[in-house]
Amino acid sequence: MAASTIFSDCSSSATARLLPFRKIRSSALFFRHSSISLHPTAPSHRKSSSAIVPLAMTTETSAKVIDGKLVSKQIRDEITSEISRMKDAIGVVPGLAVILVGARKDSQTYVRNKKKACEAVGITSYEVHLPEDCTEEEVLKSILGFNKDPSVHGILVQLPLPRHMNEENILNAVCIEKDVDGFHPLNVGRLAMRGREPLFVPCTPKGCIELLHRCGVDIKGKRAVVIGRSNIVGMPAALLLQRQNATVTIVHSYTNNPEEITRQADIVISAAGVANMVRGDWIKPGAVVIDVGINPVDDSESPRGYRLVGDVCYEEACKVASAITPVPGGVGPMTIAMLLSNTLHSAKTLHNFK
Ligand code: GUN
């Protein structure tokens with residue numbers, strides 16, 4: 001498949017499927033895991049250098065594990081070749097500006113990973129790091145500078161911002177043509193409306209949908225439950241599923257009987273931020289489970305003293321679901337891949353490069 005056609009969906013619609021599927025078996029994007037003892041916070045999926053763990057190694061057949069690392073690698077490879085094609089043709093490389101305010105460890109890690117991922121595919125990254133106690137005006141000044149800078153095609157303000165800042169004012173200041181996070185109210189509003197097209201869609205929910213598409217999961221007509229209603233994940237994930245013609249329910253902290261509602265879903269996207277909240281008996285047999293949660297839990301055996309688990313109790317859910325994303329290695333790598341994709345798309349659009 002020619003690289004130029006791989007990204008063509010983006011140019012007509014940010015919500016259209018990112019890329020036509022490559023001619024690979026969707027089964028290659030899964031691996032099977034071996035069943036291990038039930039423990040709510042125990043690491044569950046065995047690492048494998050290959051995408052598929054031979055069945056002989058398994059003790060129980062259960063959910064396919066959706067390999068986000070592998071899918072994101074394919075996408076990053078596609079982006080790399082597209083960037084090189086663009087550079088050769090018009091001498092332009094995409095640029096992404098990241099603004100980090102404060103010293104949150106998690107945000108620093110996310111920004112560092114985004115920067116590394118940019119370098120790996122050939123996107124130039126620009127970073128502004130402002131102190132926690134800087135003013136909103138200083139952040140706005142950085143944004144306005146990047147808005148005008150022709151070498152910058154995407155602008156990302158890492159969230160959350162310090163409490164004294166007005167997030168709405170700051171996100172409003174990013175020009176929508178460079179809003180690769182899809183958080184500008186105009187892009188969010190268009191995402192919510194029928195017959196309107198946002199220029200960009202938030203990266204994590206876009207990554208969830210892309211995983212479903214690339215793994216051959218049909219969304220149209222399915223019942224979907226999104227757990228969590230954050231501006232960054234839950235709300236846009238629900239809107240995206242609806243745009244794909246799913247029937248969508250949002251479960252949140254005030255929902256009565258969340259288990260019962262979740263159990264009706266063919267597709268579950270969980271973005272609650274609560275470790276192991278979604279138990280096996282919340283899942284309808286055969287459902288597809290996308291776990292966005294990245295929650296630290298104490299683990300004295302880990303060198304760091306903690307490890308990361310999802311919102312979904314993996315050991316239980318994998319015995320009920322037909323497919324499930326692991327944590328880590330599921331949605332996480334897809335978020336960055338979508339950011340790179342949005343940045344490339346922005347550069348192509350701004351330079352009218354097909
Ligand atoms: N904080 C957590 N996730 C995100 C994200 O996708 N984009 C930004 N800008 N901040 C975040």
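Everything numeric in this text was worked out from a predicted model, so none of it was measured. Start at 1 with the first residue, then count along the sequence. All ligand and atom numbering here is 1-based and tracks the order in the structure.
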Contact table ligand 1 N or O to protein N or O, d under 3.5 Å:
unit_1: ligand 1; atom_1: 1 (N); unit_2: Gln158; atom_2: NE2; d: 3.3
unit_1: ligand 1; atom_1: 1 (N); unit_2: Leu159; atom_2: O; d: 2.9
unit_1: ligand 1; atom_1: 7 (N); unit_2: Asp181; atom_2: OD1; d: 3.2
unit_1: ligand 1; atom_1: 7 (N); unit_2: Asp181; atom_2: OD2; d: 3.2
unit_1: ligand 1; atom_1: 9 (N); unit_2: Val157; atom_2: O; d: 2.8
unit_1: ligand 1; atom_1: 9 (N); unit_2: Asp181; atom_2: OD2; d: 2.5
unit_1: ligand 1; atom_1: 10 (N); unit_2: Leu159; atom_2: N; d: 3.0

> Do the non-hydrogen side-chain atoms of Asp291 and Val331 ever get within less than 4.5 Å of each other?
Replying inline: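 When only atoms from C-beta onward are counted, Val331 and Asp291 do not touch, as no gap falls below 4.5 Å.
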> How would you list, by chain and number, every residue that makes a side-chain contact (heavy atoms from CB on, under 4.5 Å) with Glu168, sequence neighbours excluded?
Replying inline: Asn166, Asn172
> Can you name the residues that form a side-chain contact (heavy atoms from CB on, under 4.5 Å) with Arg190, not counting sequence neighbours?
Replying inline: Ile176, Leu186, Arg196, Pro198, Leu199
> Is it true that the side chains of Arg76 and Thr80 contain a donor and an acceptor less than 3.5 Å apart?
Replying inline: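 Side chains of Arg76 and Thr80: no pair found under 3.5 Å.
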>> Test of understanding: with side-chain hydrogen bond (donor to acceptor under 3.5 Å, both in side chains), list the residues that count as partners of Asn256, not counting sequence neighbours.
In response: none
> Can you check side chain to side chain contact (heavy atoms under 4.5 Å, CB included) on Ser341 and Ile79, steps first, answer last?
Replying inline: CA-CA 7 Å; Ser341 164; Ile79 290 169; 3.9 Å; yes
